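Treat the numbers as computed from the prediction; the structure is a model and nothing was measured.
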Amino acid sequence: VQLTESGGGSVQSGGSLRLSCVASGLTSGTYCIAWLRQVPGRVRVGIASIDSDGRTNYLDSVKGRFTISQDKGANTVYLQMNSLKPEDTAEYFCAAGPKCGKSSDTIYFFGGTVDWGHGTQVTVSS
(Lines give C-alpha, C1' and ligand atoms only; values in the text may rest on other atoms or scores of the structure.)
Protein backbone atom coordinates (compact mmCIF):
# COMPACT_ATOMS: atom_id res chain seq x y z
CA VAL A 1 0.00 0.00 0.00
CA GLN A 2 1.31 3.43 -0.92
CA LEU A 3 0.17 6.29 1.26
CA THR A 4 0.49 9.97 0.38
CA GLU A 5 -0.32 12.71 2.87
CA SER A 6 -1.13 16.31 2.07
CA GLY A 7 -2.75 19.33 3.66
CA GLY A 8 -0.20 20.29 6.26
CA GLY A 9 0.89 23.87 6.78
CA SER A 10 1.15 26.71 9.24
CA VAL A 11 -1.85 28.06 11.12
CA GLN A 12 -2.50 30.22 14.14
CA SER A 13 -3.83 28.83 17.39
CA GLY A 14 -7.56 28.19 17.13
CA GLY A 15 -7.38 27.62 13.39
CA SER A 16 -8.21 24.56 11.31
CA LEU A 17 -6.52 22.29 8.79
CA ARG A 18 -7.65 19.22 6.91
CA LEU A 19 -5.12 16.52 6.17
CA SER A 20 -5.64 13.99 3.39
CA CYS A 21 -4.16 10.53 2.98
CA VAL A 22 -4.54 8.82 -0.39
CA ALA A 23 -4.09 5.05 -0.13
CA SER A 24 -3.28 3.32 -3.39
CA GLY A 25 -3.01 -0.44 -3.67
CA LEU A 26 -5.30 -1.14 -0.73
CA THR A 27 -6.71 -4.50 -1.80
CA SER A 28 -7.78 -5.99 1.51
CA GLY A 29 -11.41 -5.59 2.49
CA THR A 30 -10.37 -5.40 6.14
CA TYR A 31 -8.00 -2.65 7.17
CA CYS A 32 -7.34 0.14 9.60
CA ILE A 33 -5.90 3.51 8.66
CA ALA A 34 -4.55 5.79 11.34
CA TRP A 35 -3.06 9.23 11.72
CA LEU A 36 0.02 9.49 13.90
CA ARG A 37 2.16 12.46 14.81
CA GLN A 38 5.73 12.92 15.91
CA VAL A 39 7.67 15.73 17.47
CA PRO A 40 11.47 15.64 17.00
CA GLY A 41 13.11 13.58 19.72
CA ARG A 42 9.88 11.93 20.82
CA VAL A 43 8.05 8.75 19.86
CA ARG A 44 5.41 8.66 17.18
CA VAL A 45 1.91 8.73 18.70
CA GLY A 46 -1.27 7.44 17.10
CA ILE A 47 -4.06 10.00 17.48
CA ALA A 48 -6.98 8.78 15.34
CA SER A 49 -7.98 5.70 13.39
CA ILE A 50 -10.74 4.45 11.15
CA ASP A 51 -11.33 0.90 10.00
CA SER A 52 -12.95 -0.66 6.96
CA ASP A 53 -16.30 -0.74 8.80
CA GLY A 54 -16.07 2.96 9.59
CA ARG A 55 -15.37 2.57 13.29
CA THR A 56 -13.27 5.39 14.66
CA ASN A 57 -11.01 5.88 17.65
CA TYR A 58 -9.36 8.98 19.04
CA LEU A 59 -6.71 9.76 21.57
CA ASP A 60 -8.20 11.84 24.40
CA SER A 61 -5.98 14.81 23.59
CA VAL A 62 -7.66 15.29 20.20
CA LYS A 63 -11.16 13.97 20.87
CA GLY A 64 -13.78 16.60 20.15
CA ARG A 65 -11.34 18.67 18.06
CA PHE A 66 -10.21 16.24 15.36
CA THR A 67 -12.42 14.13 13.10
CA ILE A 68 -11.25 11.22 10.97
CA SER A 69 -13.30 10.17 7.97
CA GLN A 70 -12.91 8.23 4.77
CA ASP A 71 -14.07 8.38 1.17
CA LYS A 72 -13.75 4.79 -0.02
CA GLY A 73 -14.47 5.71 -3.61
CA ALA A 74 -11.50 8.07 -3.59
CA ASN A 75 -9.32 5.78 -1.45
CA THR A 76 -8.78 8.75 0.85
CA VAL A 77 -8.81 9.22 4.59
CA TYR A 78 -9.16 12.71 6.02
CA LEU A 79 -8.25 14.27 9.33
CA GLN A 80 -10.17 17.45 10.02
CA MET A 81 -8.36 19.36 12.74
CA ASN A 82 -10.18 22.20 14.49
CA SER A 83 -9.30 24.39 17.46
CA LEU A 84 -5.63 23.74 16.84
CA LYS A 85 -3.17 24.38 19.66
CA PRO A 86 0.59 24.99 19.60
CA GLU A 87 1.07 21.54 21.16
CA ASP A 88 -0.48 20.02 18.02
CA THR A 89 2.65 21.07 16.12
CA ALA A 90 4.23 17.90 14.71
CA GLU A 91 4.94 15.86 11.62
CA TYR A 92 1.73 13.99 10.78
CA PHE A 93 1.82 10.56 9.20
CA CYS A 94 -0.85 8.23 7.95
CA ALA A 95 -0.38 4.49 8.12
CA ALA A 96 -2.37 1.42 7.11
CA GLY A 97 -2.46 -2.00 8.68
CA PRO A 98 -4.80 -4.93 9.31
CA LYS A 99 -6.14 -3.84 12.71
CA CYS A 100 -5.88 -0.98 15.18
CA GLY A 101 -6.12 -0.87 18.94
CA LYS A 102 -6.13 1.93 21.48
CA SER A 103 -4.28 2.34 24.74
CA SER A 104 -4.31 5.28 27.10
CA ASP A 105 -1.48 7.02 25.28
CA THR A 106 -1.58 5.90 21.67
CA ILE A 107 -3.43 4.18 18.88
CA TYR A 108 -1.45 1.23 17.57
CA PHE A 109 -1.48 -1.40 14.86
CA PHE A 110 -1.42 -5.16 15.27
CA GLY A 111 -1.95 -8.30 13.23
CA GLY A 112 0.37 -7.76 10.28
CA THR A 113 2.39 -5.42 8.11
CA VAL A 114 2.02 -1.67 8.46
CA ASP A 115 2.63 0.70 5.57
CA TRP A 116 3.55 4.34 6.12
CA GLY A 117 3.32 7.63 4.34
CA HIS A 118 6.15 10.16 4.31
CA GLY A 119 4.44 12.71 6.51
CA THR A 120 3.25 16.29 6.34
CA GLN A 121 4.25 19.07 8.73
CA VAL A 122 1.70 20.93 10.81
CA THR A 123 2.82 24.06 12.66
CA VAL A 124 0.51 25.92 15.03
CA SER A 125 1.67 29.29 16.28
CA SER A 126 0.38 31.02 19.39
S13: side-chain contact (heavy atoms from CB on, under 4.5 Å) partners, not counting sequence neighbours: P86, V124
Hphob cluster co-occupancy, L59 + I50, side-chain heavy atoms under 4.5 angstrom: yes
Where C21 and L3 come nearest, the two heavy atoms and their spacing: SG-CD2, 3.9 Å
Atom NZ of K99 with >12 non-hydrogen neighbours under 6.0 angstrom: no
Donor-acceptor pair, side chain of S52 and main chain of G29, under 3.5 angstrom: yes
Close side-chain approach of M81 and L19, heavy atoms under 4.5 Å: yes
All salt bridge (Lys or Arg N to Asp or Glu O under 4.0 Å) counterparts of D88, not counting sequence neighbours: R37, R65
Pairs involving residues 22-65, ordered by first then second residue, that meet disulfide (SG to SG under 2.5 Å) (sequence neighbours left out): C32-C100
Heavy-atom pair of closest approach, residues Y58 and T67: OH-CA, 3.4 Å
Verify same cluster id: L36, V22 (apolar side-chain graph, 4.5 Å): no
side-chain hydrogen bond (donor to acceptor under 3.5 Å, both in side chains) against Q38, all qualifying residues, sequence neighbours excluded: R44
CZ on F66 to OG on S16, rounded to 0.5 Å: 9.5 Å
Nearest non-hydrogen partners of T89 and V39, listed with the distance: O-CG2, 3.5 Å
Beyond-backbone contact of D60 with K102, side-chain heavy atoms, under 4.5 angstrom: yes
Under the salt bridge (Lys or Arg N to Asp or Glu O under 4.0 Å) test, residues paired with K85 that sit two or more places apart: none
Any residue meeting salt bridge (Lys or Arg N to Asp or Glu O under 4.0 Å) with R55, in chain and number order, not counting sequence neighbours: D51, D53
Can I get a per-line list of side-chain donor-acceptor pairs under 3.5 Å for residues 104-120, giving both atom names and the distance, sequence neighbours left out?
residue: D105; atom: OD1; partner: S103; partner atom: OG; Å: 2.9
residue: T106; atom: OG1; partner: G46; partner atom: N; Å: 2.8
residue: T120; atom: OG1; partner: G8; partner atom: N; Å: 3.2

All side-chain contact (heavy atoms from CB on, under 4.5 Å) counterparts of S10, not counting sequence neighbours: T123
Common cluster, V43/F93, ILVMFWY with side-chain heavy-atom separation under 4.5 Å: no
Residue pair I33 / A23: nearest heavy atoms and the distance that separates them: CD1-CB, 4.3 Å
Residue pairs fulfilling salt bridge (Lys or Arg N to Asp or Glu O under 4.0 Å) with at least one residue in residues 117-126, sequence neighbours excluded: none
Nearest non-hydrogen partners of W35 and S20, listed with the distance: CH2-O, 3.6 Å
Side chain to side chain donor-acceptor pair (under 3.5 Å) contacts touching residues 70-81 (sequence neighbours left out): Y31-Q70, Q80-N82
